[in-house]
2 protein chains.
Amino acid sequence: MLTNRQLQILQAIVDDFVMSAQPVGSRQLSKKEGITYSAATIRNEMADLEELGYLEKTHTSSGRVPSEKGYRFYVDHLLKPQVISTGEVAQIHSLFEKQIVEAEQIIKESANILSELTTYTTILLGPDVQKHRVKKFQIVPLTEETAVAIIVTDNGHVENRTLTLPSGFSPHDIEKMVNILNDRLVGVPLYDLPIKLQTEALSVLKSHINASESIVRSLLSITSQQNESKVYYGGKSNMLNQPEFHDLAKMRMLMDLFDKENQVQTLFNQGNHGIQIRIGSENNHLAMENCSVITASFLVGEEQQGAIAIIGPTRMDYRRVVTLLDVMTNSLSQAFFDKKH
Amino acid sequence: MLTNRQLQILQAIVDDFVMSAQPVGSRQLSKKEGITYSAATIRNEMADLEELGYLEKTHTSSGRVPSEKGYRFYVDHLLKPQVISTGEVAQIHSLFEKQIVEAEQIIKESANILSELTTYTTILLGPDVQKHRVKKFQIVPLTEETAVAIIVTDNGHVENRTLTLPSGFSPHDIEKMVNILNDRLVGVPLYDLPIKLQTEALSVLKSHINASESIVRSLLSITSQQNESKVYYGGKSNMLNQPEFHDLAKMRMLMDLFDKENQVQTLFNQGNHGIQIRIGSENNHLAMENCSVITASFLVGEEQQGAIAIIGPTRMDYRRVVTLLDVMTNSLSQAFFDKKH
DNA sequence: TATTAGCACTCCTCTTAATCGAGTGCTAAC
DNA sequence: GTTAGCACTCGATTAAGAGGAGTGCTAATA
């Protein structure tokens, strides 16, 4: 168990290093407000904290830097919510004041504001489309051979795909088909659609309409392709400003990661609600070795609706980010709640 | 007018610098294949070319580097198509062999392949949605107060937006409204929709349905918001590998530019067909001072369908990029042509 | 007259050495 | 238990010097 003084020193080191990005030394620390011990005392405590694994040195005669374990302890035990300036809170709230708001628009702007306020990179995972339920099918013919299939979900999301009609497929056939689909499949959640299409609709379609299989196949691909929810970024280039990423190789790995949407998904620990923090190697990703990710999900009622991740260096301002994220997720949950009811 | 020998030397310098990124010296050049003059002769010619503005020195005793004017001349007069390896051509063609192809999918993958083959950054501007014509309107009610408005265009593109219904707006009202819209506005190009909505539809709607204005306003915002076509990127982080962007400040400016979709649009010189090259300051953008942009548009029949831009350092392999871009635009034009007919 | 060899000079780049300073660990005194 | 003092470490910064690729100019050459 750490003594009070050790806690205080650990906290001071993390707080200082978060701001300065420089290893913090005993003498420097002893001059800080609230620290009443001498540099020598602090040196002794630092040596102990290092032995316990909370601190590291970059070289033999450098100051101390928090280790991953140190950050973890800080985050778990020393993190106190920060008071955010009213101006910044207002900036977030202003997003939601406009009346006619498109979900996608809100999400994009949220990502931008968060990255601006934090100076880190924001990744916003939109509401999971897979959980929406089919509200309506629609097939609109374009030419003799092509048409657009449209699925509208209960949350107002629209998926669509152009498809090739089998030759001889008439507008009348299309109408019949749409009717059958709507009769049988309204209310089915998208993740269930592939199975239900086959079990509930396929045989009926086959018996009433010629060559309907190829269209069903196209419909299947709408949902299967769409199994990733949409990802929005804010402040991708903010990382370039962090001194730990002056190393171009690291930077490149990170940028490449951001470009691979499916890999980005793994950064979110889905299923967990509330705010989650993963530090450095806890992310299990080489490019994220020097990064921490703070994720939070926002909800509507019982359903999970989406998640925000803020990515910064391990030396990130956890206090501030956690608080901002809290404000933002509350606002988002509320906004989507209003939309729904 | 430049002598043959001057042309040859200018060409050799550009070709060499494009590969090495190092200023090229007279002695080094004299050893090159095809160069029969001595280093001293080359020095004299270089001095002349510099005086004419085609070459520059980085410092008094360095080798020569092409100036913007030098690149411009090279591009205008010395650029000969390069033979691309059959493997690479095959890689491009393979994209278009898969049968079921979604326009968006093709475009995304094209951007990726191009950036991979060129090692530069690719920006792909999708077909200009504004020129599509309305094929069908649809309004799908979600709850008592909300609905989704959908516009399908003749090219199979789907735009949608959730909207709030005026209180007391019945399903019957919706149906009437959709009928009126489809009667009056099918065939109207999207860019014309705002005007036509007001002139053709608004008065009829008003006289038949109560409180329909607010919905019309929402419809308007679908198209007005969508006035930028969609932008797809490939290999954003490739620029990090270019030695001229080891400077983080420059890199940051570039990344920020990429993130601003509306600014990116200005990089395309719209209206011009064929391949266009803009070198360094010709782009009129601070972040692009050290970059060249090669743009090409691909067509379907008479209509412009989209454009590709490849962004690299001014010291870019123009020869290779131009050829690759040619292969790609031809393939794209053909692919979209097939889709349409 | 056009070309080329020779040479002094420039200036970037890479090494090596020296200095500085913030920080540490340890010992001894308080 | 705390703190002052001191020798030591090591990264960062600066300075000086060597090396090398390149240039411009002059004079010799074909």
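In what follows, chains carry the letters A, B, and so on, assigned in the order in which the sequence lines appear, proteins first and then strands, with residues in each chain numbered from 1. Note that the structure is a prediction, hence the values are computed from the model and not measured.
- We find that CD of B/E51 is positioned 16 Å from P of D/dT23, with the value rounded to whole Å.
- Proximity of B/T41 to the phosphate of C/dA2: no side-chain N or O atom is located under 4.0 Å from OP1 or OP2.
- Taking the six-membered ring where tryptophan is involved, the planes of A/Y54 and A/F73 are perpendicular, since the angle between them exceeds 60° and thus also 30°.
- Using a 4.0 Å heavy-atom distance criterion, B/S62 is classed as a sugar-phosphate-only contact.
- In this structure, NE2 of B/H59 is placed 10 Å from P of D/dG22, rounded to the nearest angstrom.
- Evaluation of atom-type donor-acceptor distances gives no pair under 3.5 Å for the side chain of A/S38 against the base of D/dT3.
- As rounded to whole Å, 8 Å separates atom C1' of C/dA2 from atom CZ of B/R5.
- Between the C1' atom of C/dC26 and the CG atom of A/N44 lies a distance of 9 Å, rounded to the nearest Å.
- OP1 or OP2 of C/dG25 has at least one side-chain nitrogen or oxygen of A/K57 nearer than 4.0 Å.
- In summary, the side chains of B/D15 and B/Y74 do present a donor paired with an acceptor at a separation below 3.5 Å, with no hydrogens or angles considered.
- The interatomic distance linking B/L49 (CG) with D/dT23 (P) rounds to 12 Å, in whole Å.
- OP1 or OP2 of C/dG21 has not a single side-chain nitrogen or oxygen of A/R27 nearer than 4.0 Å.
- Atom CE of A/M253 sits about 12.0 Å away from atom OG of B/S237, to the nearest 0.5 Å.
- The separation between A/Q22 atom CD and C/dG23 atom C1' is 13 Å, rounded to whole Å.
- What separates CD of B/E45 from P of C/dT3 is a distance of 7 Å, to the nearest Å.
- A donor-acceptor contact under 3.5 angstrom links the side-chain atoms of A/S61 to the base of D/dT9.
- Sparse packing is recorded around CG of B/N4, with 12 or fewer heavy atoms of other residues, nucleotides or ligands lying under 6.0 Å away.
- One atom, CG of A/L55, and another, C1' of C/dT24, lie 14 Å apart when rounded to the nearest Å.
- No more than 12 heavy-atom neighbours from other residues, nucleotides or ligands sit within 6.0 angstrom of CZ on A/R27.
- In this structure, B/Q28 does not reach the D/dA21 phosphate: none of its side-chain N or O atoms is under 4.0 Å from OP1 or OP2.
- OP1 or OP2 of C/dT4 has not a single side-chain nitrogen or oxygen of B/R43 nearer than 4.0 Å.
- Nearest-nucleotide assignment on DNA chain C puts the 5′-proximal partner with A/P23, out of A/A40 and A/P23.
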